[in-house]
Amino acid sequence: MKKFELPELNYAYDALEPVIDARTMEIHHTKHNQAYVTNLNAALEKHPELEYESLCGLLRDINNVPSDIRQAVINNGGGAHNHKLFWKVMAPVGTTELKGDLKDAIDNAFGSYEKFVEEFSNAAKTRFGSGWAWLVLNADKQLKVMSTANQDSPLMEGFFPLLGLDVWEHAYYLNYQNRRPDYVTEWFKVINWDYVAERFEKGLTK
Ligand code: MN
């Protein structure tokens with residue numbers, strides 16, 4: 001059985017300030033993310049016969065997961081994968097910019113960067129309760145904005161996630177309290193466009 005581990009961040013907890021404060025980052029990473037990883041491993045231990053090559057593969061083929069642990073894998077495997085991506089799609093303010101093929105593709109799909117921001121923000125702000133907003137590639141390699149509830153992964157619906165925004169209260173409550181719209185607006189400043197562009201290239205060639 002493959003054991004999953006807490007991913008390392010390639011920046012310090014305070015690196016995303018003032019958009020996301022260090023305390024929120026530390027609790028989010030060491031407590032919330034760790035809990036998803038721990039609970040995922042605990043669920044998988046019940047079925048050592050289950051074969052999978054990666055967390056991605058496990059989520060893509062979620063119906064192959066035995067029914068008694070399927071919801072635990074949806075919640076905690078989804079949580080583990082979503083957060084692994086979340087840390088990577090962020091970088092300190094002003095260190096990357098949207099350019100090249102991904103910029104062209106966003107312009108083509110949404111009309112402009114501003115229109116994309118509007119659609120993505122709307123998905124993030126209107127997701128009721130806990131969940132995520134996403135920029136994904138669909139099966140036809142087209143860019144789409146969507147949202148999912150809880151820790152549901154877009155992989156389970158056949159989408160390839162490029163960019164994900166965590167809108168659970170644990171992601172912003174210390175700094176923004178109930179003001180999710182302010183968190184969403186600020187968050188665009190810490191998107192790591194270099195990494196999202198890498199995901200885009202990977203998704204197109206898969
Ligand atoms: Mn989270």
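Starting from 1, each residue takes its place in the sequence as its number. Just follow the structure's listing: the first ligand is 1, and inside any ligand the first atom is 1.
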Does the ring center of Y36 lie less than 6.0 Å from the ring center of F4? no
Taking atom CD as the centre, does E201 end up with more than 12 heavy-atom neighbours from other residues, nucleotides or ligands that are less than 6.0 angstrom away? yes
If I consider every N, O or S atom in D166, which one ends up closest to the Mn ion (ligand 1)? I only need its name. OD2
Under 3.5 Å side-chain donor-acceptor pair for T24 and D21: yes
Flag H32 as yes if one of its N/O/S atoms falls below 2.8 Å of the Mn ion (ligand 1), otherwise no. no
Where the Mn ion (ligand 1) is the vertex, angle from H83 NE2 to H28 NE2 to 10°: 90°
I'd like to know if K99 and D194 make a salt bridge, using a cut-off of under 4.0 Å between side-chain N and carboxylate O. yes
